[in-house]
Number of protein chains: 2
Amino acid sequence: MKFLKIPAATITRLSLYTRALETLIKEQVTVVSSKRLAELCGVNPAQIRKDLAYFGQFGVRGVGYYVKELLFDIKKILGLHREWKLAIVGVGNLGCALVAHENFTRQGYRFVAAFDADPMKIGRKLVTGLLINPPNEMHNICRDKQVEMGVICTPAEFAQDIANRLVDAGVKAILNFAPTQIQAPDGIKVENVDFSVKLDNLAYYLTTG
Amino acid sequence: MKFLKIPAATITRLSLYTRALETLIKEQVTVVSSKRLAELCGVNPAQIRKDLAYFGQFGVRGVGYYVKELLFDIKKILGLHREWKLAIVGVGNLGCALVAHENFTRQGYRFVAAFDADPMKIGRKLVTGLLINPPNEMHNICRDKQVEMGVICTPAEFAQDIANRLVDAGVKAILNFAPTQIQAPDGIKVENVDFSVKLDNLAYYLTTG
DNA sequence: ATCTTATTGTGATTAGAGGCACATGCGTGC
DNA sequence: GCACGCATGTGCCTCTAATCACAATAAGAT
Ligand SMILES: NC(=O)c1ccc[n+]([C@@H]2O[C@H](COP(=O)([O-])OP(=O)(O)OC[C@H]3O[C@@H](n4cnc5c(N)ncnc54)[C@H](O)[C@@H]3O)[C@@H](O)[C@H]2O)c1
Ligand SMILES: NC(=O)c1ccc[n+]([C@@H]2O[C@H](COP(=O)([O-])OP(=O)(O)OC[C@H]3O[C@@H](n4cnc5c(N)ncnc54)[C@H](O)[C@@H]3O)[C@@H](O)[C@H]2O)c1
């Protein structure tokens, strides 16, 4: 089961499992069955076992999974055992909320650079103390600070340009909040977070059922 | 092709298509082929045709789709030909960004009520002029204003309780930004927006992929 | 009026993900 | 030390979604 292609949905679920496991740790639960974990995550127990099987054997037959160990193992699989350096581009309403969000820091995501085109904002500092830089310094600063992921929070029409610059600056993964499809070269991973698509789903559901 | 069960992924793509079509309208393009539209949306052309086929025939063979008409038709399918009334619960960093976001309004999503537990916030008004109410008035106000969708922007530990109240207040669809799995009765649609899961995907990709 | 060209709409095919069910194997109790 | 119970790990099946490939068909050229 080692060298199969792993479904993207599996990775997304692993992320969900870590959350449930963290909750269990808070509740001082030490062992959990796939059945119980499945309930917490709203998935099928076999699904959990199969997801984990892609990466090895983590459970004990007849017993279940040791919560702490499993959490550690999944975090390692996902690459969450280390810190990740992020840059944010566009510190408007949404961008500021993201930078201020302390959960990200707790999970190992650290904003080490911020950029904005607004002359009123350049040179100022965010609440976290992070300095806002002009976009033309993206290349140097990102390389300097070894930024690995970029977060795009500008209006949609600038998103592609920003993405190009980020890639040029050595950034290998992009989280895009602008409501537009970004093109990126092979080897660069782009994820989109799209609120209005979700709202549209709700609207469809309420309309048609 | 009329009474089949429609994949959720189809609905999500329809939403994407509307965006591309809106861009095309801005560029004064009047006709588009599934091939061109597919490029803009990053999907397979046959996928587009099949997605549309669930709902009828919208194109002209040998020609393509009339942009304006198709946009109109898809919006109607999604239920975006009308206004939707939303309530937001938790007007912190993220919640404020959402309410302030003018794209939503342009698309027909209108926040008609806001709730927060913080006594310092209750009674104040948001930048849009929307009054912040205490959570215990959720029932009355939501029924009064005929709120159809609820948006949860509180810390995770309160999300389930808020969801229950929203359901109790007659809300039929929930957009949840808190990083937790919400249980809702049948007939209530819940969508989750989950930034950190997306970041975890990127981390996995950079680690392994 | 007929032929050509372009692109849709869709049946057939392929790929993939999810779930079932059972054999495997660990821990506990006798 | 042996047997039993229980939850994992996994082969196999099912179901769904995506893609292919072509027949149907509209517009425009001849
Ligand atoms: N706020 C929301 O709730 C929300 C919801 C869904 C999607 N979005 C999307 O997220 C993005 C940001 O939204 P927002 O509400 O924060 O908008 P905003 O207008 O508050 O902030 C945008 C920021 O980007 C900066 N900017 C503009 N062009 C730039 C450039 N070329 N380089 C660097 N910075 C630039 C602006 O100066 C501003 O600070 C938009 O694409 C929006 O559609 C936002
Ligand atoms: N800010 C982000 O970028 C971000 C990113 C990912 C996820 N989230 C999630 O979104 C949610 C909100 O994030 P935020 O950054 O806006 O947090 P925040 O602390 O800025 O805002 C939370 C708000 O909820 C209110 N609140 C608390 N309990 C409440 C209750 N029982 N009823 C009504 N209101 C209540 C608080 O008074 C506060 O105003 C959190 O669950 C967070 O994990 C936020």
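Throughout, a chain's letter reflects where its sequence line sits, starting with A, and its residues are numbered from 1. When reading the values below, keep in mind they use all heavy atoms of this one structure, side chains included, and skip hydrogens, waters and symmetry mates.
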- Taking the side chain of Gln47(A) as heavy atoms from C-beta outward, which of dT8(D), dG18(C), dT7(C) is closest to it? dG18(C)
- Toward the 5' end of DNA chain C, by each residue's nearest nucleotide, Val60(A) or Ala8(A): Ala8(A)
- Test: Arg165(B) and Glu137(B) ion pair at under 4.0 Å: no
- Does a donor on one side chain and an acceptor on the other come within less than 3.5 Å for His101(B) and Asn93(A)? no
- Quantified as the angle between the terminal helix axes (five pairs each), what is the overall bend of the helix from dA1(C)-dT30(D) to dC30(C)-dG1(D) to 10 degrees? 0°
- Item | Matching residue for Phe177(B) among Ile88(B), Leu94(B), Asn192(B) - test: side chain to side chain contact (heavy atoms under 4.5 Å, CB included) | Leu94(B)
- Message: Can you tell me whether the side chain of Lys50(A) and the base of dG19(C) have a donor-acceptor pair closer than 3.5 Å?
- Response: yes
- Between P of dT10(D) and OH of Tyr54(A), the distance in whole Å: 12 Å
- Between Phe58(B) and Gly62(A), which is nearer to the 5' end of DNA chain C once each is assigned its nearest nucleotide? Phe58(B)
- Note on the structure: Rounded to whole Å, the CD1-C1' distance (Ile6(B) to dA18(D)) equals 16 Å
- Query: Any side-chain N or O of Ser34(A) under 4.0 Å from OP1/OP2 of dT8(D)?
  - Reply: yes
- Query: Does a side-chain N-to-carboxylate-O contact under 4.0 Å join Glu22(A) and Arg19(A)?
  - Reply: no
- side-chain N/O Tyr66(B) vs dA26(D) OP1/OP2, d < 4.0 Å: no
- Full working for side chain to side chain contact (heavy atoms under 4.5 Å, CB included) between Ile77(A) and Tyr54(A): CA-CA 11 Å; Ile77(A) 291 166; Tyr54(A) 283 113; over 6 Å; no
- Item | Ala46(B), nearest nucleotide to its side chain (from dT8(D), dC20(D), dC20(C)) | dC20(D)
- Between CZ of Phe55(A) and P of dG9(D) the distance, given in whole Å, is 14 Å
- Query: Quick one: Asn44(B) CG to dC20(D) C1', roughly how many Å, whole number?
  - Reply: 8 Å
- Item | N or O in side chain of Arg13(B) less than 4.0 angstrom from dA18(D) OP1/OP2 | yes
- Note on the structure: Between CG of Leu37(B) and P of dT7(C) the distance, given in whole Å, is 13 Å
- Query: So does Arg82(B) pair up with Glu148(B), basic N to acidic O under 4.0 Å?
  - Reply: yes
- Just checking, any donor-acceptor pair under 3.5 angstrom between side chains of Gln160(A) and Asn164(A)? yes
- Item | Identified side chain to side chain contact (heavy atoms under 4.5 Å, CB included) counterpart of Leu166(B) within the set Ile152(B), Val147(B), Val151(B) | Ile152(B)
- Item | Integer-rounded Å distance: dT8(D) P and Leu52(A) CG | 10 Å
- Query: Which whole-number value in Å describes the distance from Gln57(B) CD to dT25(D) P?
  - Reply: 9 Å
- Message: On the side chain of Arg49(B), is there an atom forming a donor-acceptor pair with the base of dT8(C) - under 3.5 Å, no angle test?
- Response: no
- Name the closest nucleotide to the Arg61(B) side chain, picking from dG18(C), dT25(D), dG9(D). dT25(D)
- Grab the NZ-C1' distance between Lys5(A) and dA15(C) for me, whole Å please. 10 Å
